[in-house]
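This report concerns only the one structure given below.
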Amino acid sequence: MEVQINYLGVLLAAIASMLVGSVWYAKPVFGATWGKLVKLSDEQMKKGATMAMGMAFAAALLTAYVLAHVAYLSNQFFKDSFMADSIMTGFWLWLGISATTIVTHNAFEQKRKKLTLLAVGNQLLTFLVMGAIIGW
């Protein structure tokens, strides 16, 4: 079986991931709270922003590609609409990989629960939006 990947969908999903993060972590939304919880000043955040954004985009591209790959396989198995299968695949990958990884790391690093909830919530929204874009 040849897995069919829509590379434009992958690119758009990665861009959407960056947009979701930009809104989620904007100061009026959760950015001010996040900044206090991670104890970073505005200057510290600006100093590392370029490298962090580059790494985040590369990670978003890889995540979108994997999501598209697994969504295709899921659709071949379940044979529901590609949109529904892509969103559900995004949900299950978030729950089984992303959320569990964040919760485990944050527990060992003794990070505050609020910080964990912010990260897990951002990832849930990101995976669902990416799944919807890939499914579209």
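Residue numbers run from 1 in the order of the sequence given.
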Checklist entry - Residues in salt bridge (Lys or Arg N to Asp or Glu O under 4.0 Å) with K111, at least two apart? => result E109
Checklist entry - Counting distance only, does the side-chain N/O of S86 pair as donor-acceptor with the main-chain N or O of F82 below 3.5 Å? => result yes
Checklist entry - Rounded to the nearest 0.5 Å, what separation is found between the NZ atom of K39 and the CG atom of L115? => result 10.5 Å
Checklist entry - Out of curiosity, does M55 fall in the hydrophobic cluster containing I15 (side-chain heavy atoms, cut-off under 4.5 Å, transitive links)? => result no
Next on the checklist: I need the minimum non-hydrogen distance between M18 and F57, along with the two atoms involved.
Outcome noted: CG-CD1, 3.6 Å
Item to check | Test item: N122 and L118 side chains (from C-beta on) under 4.5 Å apart, heavy atoms | outcome: no
Next on the checklist: Distance check, rounded to the nearest 0.5 Å: N6 atom CG versus I134 atom CD1?
Outcome noted: 8.5 Å
Next on the checklist: Assigning hydrophobic clusters by single linkage (Ile, Leu, Val, Met, Phe, Trp, Tyr; side-chain heavy-atom cutoff under 4.5 Å), is M1 placed with F78?
Outcome noted: no
Next on the checklist: Same cluster or not: L62 versus V70, using hydrophobic residues (I, L, V, M, F, W, Y) connected whenever any side-chain heavy atoms lie under 4.5 Å apart?
Outcome noted: yes
Checklist entry - Does the pair L125 and V129 meet the rule for a side chain to side chain contact (heavy atoms under 4.5 Å, CB included), with working shown? => result CA-CA 6 Å; L125 183 58; V129 168; 4.0 Å; yes
Checklist entry - By salt bridge (Lys or Arg N to Asp or Glu O under 4.0 Å), which residues pair with K36, not counting sequence neighbours? => result none
Checklist entry - Does K27 come within less than 4.0 Å of D42, counting only side-chain N to carboxylate O? => result yes
Checklist entry - With side chains defined as the heavy atoms from C-beta onward, is the minimum distance between W34 and M45 less than 4.5 Å? => result yes
Next on the checklist: Hydrophobic clusters here meaning ILVMFWY residues chained together by side-chain heavy-atom distances under 4.5 Å, can you tell me if L117 and V23 are in one?
Outcome noted: no
Checklist entry - Okay, side chain of D85, backbone of D80: is any donor-acceptor separation there less than 3.5 Å? => result yes
Checklist entry - From I87 CD1 over to S74 OG, what is the distance, rounded to the nearest 0.5 angstrom? => result 11.5 Å
Next on the checklist: So which atom in K114 and which in T33 form the shortest heavy-atom distance, rounded to 0.1 Å?
Outcome noted: CE-CG2, 3.9 Å
Next on the checklist: Ring-plane angle category for F30 and W24, please: parallel below 30°, perpendicular beyond 60°, tilted otherwise.
Outcome noted: tilted
Checklist entry - Any side-chain heavy-atom pair from T89 and Y72 closer than 4.5 angstrom? => result no
Next on the checklist: For a quick test of reading the model, state the closest non-hydrogen atom pair linking I133 to A13 and the distance between them.
Outcome noted: CG2-N, 3.8 Å
Next on the checklist: With heavy-atom distances below 4.5 Å as the criterion, would you say the side chains of F91 and L124 are in contact?
Outcome noted: yes
Checklist outcome for this item: Here the pair of heavy atoms bringing L73 nearest to V3 is CD2-CG2, 3.8 Å
Item to check | Spacing of L37 atom CG and L40 atom CG [to the nearest 0.5 Å] | outcome: 10.5 Å
Checklist outcome for this item: CG of N75 to CE of M83, rounded to nearest 0.5 Å, is 12.0 Å
Checklist entry - Ignoring hydrogens and geometry, is there a side-chain-to-backbone donor-acceptor pair from T100 to I97 under 3.5 Å? => result yes
Checklist entry - Any idea which heavy atoms bring V20 and T126 closest together, and the distance? => result CG1-OG1, 3.5 Å
Item to check | From K47 atom NZ to S41 atom OG, the distance as rounded to the nearest 0.5 Å | outcome: 10.0 Å
Item to check | Heavy-atom pair with the smallest gap, counting every atom of K79 and Q76 | outcome: NZ-O, 3.0 Å
Next on the checklist: Between L95 and W92, is there a side-chain heavy-atom distance shorter than 4.5 Å?
Outcome noted: yes
